[in-house]
Amino acid sequence: MGPHPAVAAIRLAVRRVLHDLLTEHHRAPAAVPHEPAPSSMLRSTKAVPPSPPLVLVACSGGADSMALASALAFESPKLGIRAGGVTVDHGLQPGSDARAEEVVQRMRELGLDPVDSVAVTVGRAGGPEAAARDARYAALDTAAERHGAAAVLLGHTRDDQAETVLLGLARGSGIRSLSGMAAVSGAGGRYRRPFLELDRQTARKACMVQSLPVWDDPHNADPAYTRSRLRHEGLPALEKALGKGVVEALARTARLSRDDADALDSWAGQAEATVRDAAGLLECAKLYALPPAVRRRILRRAAIAAGAPAGSLFARHIEEVDRLITGWRGQGAINLPGKVVARRQGGRLVIRQG
């Protein structure tokens, strides 16, 4: 008799990601040993095969990440992959350090090695949720680099994806925001999300049938947090009004939006070189001739390159800069996050700190 359907589903999702990582790993150029003496070159010119890759799981102790950790521990030995884990202690609740040590112990009991607990200090920039997310990813990046990990697995589910799409819709941030979370993201494709096609209940059921202890973060039920209100009030209200299937539809919207956004980003990247003069300044007339979706992407890229933080740069900021191109009436400079200023001068758009 095979495993419970929920367990089988999470293992299959992880297996697919690990297969992708192995394929990428074997495509990477192998190191050739240095042979100082010419005669030794006759003995061996074989390339050294790459060592088994290490994959880390980011584990909070919640149902999603515990299900992910268990699946990684089960699947990785069969594929010759080393598997470890890291938990991040945000320090936002009493006893968080002890809880982090409990998660470390649970990961060790699953057979993961190495395992780490990383304490972070959460700032205030962008609000509590954004600040915690920034601190968490910085800690995961550091852990991955310290251990030389090929990838870090994240337990975001289809439900998380639906929430992300709705949050993007509420911000009015455009199609890129509606595309939600990518299955592969981060520098060099470091972050992988195997569960984006699985719902939250599948992960919880997998933990239950495997008798895996699960910690439910009280912040996930705290109405002070936007995502918590959306999870417990917003999405249920939508399902009551529109019927079941809202989560699946939102996740599908994310996939379709990502394809469109990727295509437009590529177009903007190619078009940007054609709208700059010899000094590298953006020419307003050439920008005006571009489709709005492409033009605004170029403006956003220019603002970020000038020092505007991407996470604080919203659609309304770019729309104001865009009016310097499409609705020019001699208006003054536009102030952007990061002390970046955009102004029109002599038919050129100048975006810089200052």
Side-chain angles (χ1 to χ4, degrees), residues 6 9-17 20 57-60 62-69 71-72 126-127 129-130 132-134 136-137 140 151-186 189-207 214 216-217 219-221 225-265 310-311 315:
I10 65 167
R11 289 177 179 176
L12 177 60
V14 169
R15 191 183 316 139
R16 286 171 173 163
V17 169
D20 290 343
V57 58
C59 186
S60 66
D64 303 338
S65 60
M66 281 302 298
L68 183 56
L72 176 62
E129 292 166 285
R133 182 177 61 249
D134 290 345
R136 179 166 59 255
Y137 277 103
L140 294 175
V152 178
L153 304 189
L154 305 175
H156 296 123
T157 64
R158 187 170 61 195
D159 300 82
D160 296 308
Q161 185 74 297
E163 293 162 8
T164 302
V165 171
L166 282 177
L167 289 171
L169 184 63
R171 288 195 298 266
S173 300
I175 195 170
R176 174 56 70 187
S177 188
L178 293 182
S179 65
M181 296 174 285
V184 179
S185 66
R190 168 174 289 160
Y191 294 107
R192 310 291 171 118
R193 297 177 174 87
F195 289 175
L196 287 182
E197 301 296 325
L198 300 177
D199 61 33
R200 191 173 287 140
Q201 283 304 113
T202 297
R204 184 167 290 275
K205 185 69 173 178
C207 289
V214 168
D216 289 314
D217 186 346
H219 281 173
N220 290 337
Y225 294 95
T226 305
R227 187 176 285 268
S228 174
R229 294 196 302 274
L230 183 59
R231 180 174 301 177
H232 297 287
E233 300 172 26
L235 268 173
L238 279 176
E239 291 200 329
K240 183 178 180 180
L242 303 175
K244 294 293 182 181
V246 169
V247 168
E248 292 86 345
L250 288 169
R252 186 165 59 252
T253 296
R255 289 195 301 274
L256 297 172
S257 299
R258 182 165 297 278
D259 289 343
D260 292 348
D262 287 346
L264 288 167
D265 285 347

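Sequence positions, counted from 1, serve as the residue numbers for this chain.
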For residues 230-242, run the donor-acceptor check on the side chains, cut-off 3.5 Å, and write out each pair with its distance to 0.1 Å, sequence neighbours left out.
unit_1: R231; atom_1: NE; unit_2: E163; atom_2: OE2; d: 2.9
unit_1: R231; atom_1: NH2; unit_2: D160; atom_2: OD1; d: 3.4
unit_1: R231; atom_1: NH2; unit_2: E163; atom_2: OE1; d: 3.1
unit_1: H232; atom_1: NE2; unit_2: N220; atom_2: O; d: 2.9

V17 vs L153 side-chain heavy atoms within contact, under 4.5 Å | yes
Test: R204 and D216 ion pair at under 4.0 Å | yes
V14 and A71: which non-hydrogen atoms are nearest, and at how many Å?
-> CG2-CB, 3.6 Å
Residues that R158 engages under salt bridge (Lys or Arg N to Asp or Glu O under 4.0 Å), provided they are two or more places apart | D199, E248
Any donor-acceptor N/O pair, R258 side chain to S179 backbone, under 3.5 Å | yes
How close do G155 and F195 get, heavy atom to heavy atom, and via which atoms?
-> O-CD1, 4.2 Å
How would you list, by chain and number, every residue that makes a salt bridge (Lys or Arg N to Asp or Glu O under 4.0 Å) with R255, sequence neighbours excluded?
-> E197
Judged by atom type as modelled, is there a donor-acceptor pair below 3.5 Å linking the side chain of T202 to the main-chain atoms of L198?
-> no
Any R192 side-chain heavy atom under 4.5 Å of V152 side chain = no
Only counting residues at least two apart or in another chain, list the ones meeting side chain to side chain donor-acceptor pair (under 3.5 Å) with R193.
-> Y137, H156, S185
Full working for side chain to side chain donor-acceptor pair (under 3.5 Å) between R227 and T164 | CA-CA 8 Å; R227 187 176 285 268; T164 302; 3.1 Å; yes
Residue of the set L256, L167, V165 for which side chain to side chain contact (heavy atoms under 4.5 Å, CB included) holds with L178 = V165
More than 12 heavy atoms of other residues, nucleotides or ligands under 6.0 Å from CZ of R16: is that the case?
-> no
P194 versus L154, closest heavy-atom pair with distance = CD-O, 3.4 Å
Taking C-beta and beyond as the side chain, do R190 and L140 meet within less than 4.5 Å on heavy atoms?
-> no
State, to 0.1 Å, how close A67 and C207 come at their nearest heavy-atom pair, and which atoms those are.
-> N-SG, 3.6 Å
Criterion side chain to side chain contact (heavy atoms under 4.5 Å, CB included) on R176 and D262, from CA distance to verdict = CA-CA 8 Å; R176 174 56 70 187; D262 287 346; 2.9 Å; yes
Does D20 have any salt bridge (Lys or Arg N to Asp or Glu O under 4.0 Å) partners at least two apart in sequence or in another chain, and if so, which?
-> none
Mark yes or no for whether S65, through its side chain, and S60, through its backbone, hold a donor-acceptor pair below 3.5 Å.
-> yes
Can you list the residues that meet the salt bridge (Lys or Arg N to Asp or Glu O under 4.0 Å) rule with D260, with sequence neighbours excluded?
-> none
Which atom names give the shortest non-hydrogen contact between Q161 and A251, and what distance separates them?
-> CG-CA, 4.3 Å
Please report the closest heavy-atom contact between A221 and S228, naming both atoms and the distance.
-> C-OG, 3.2 Å
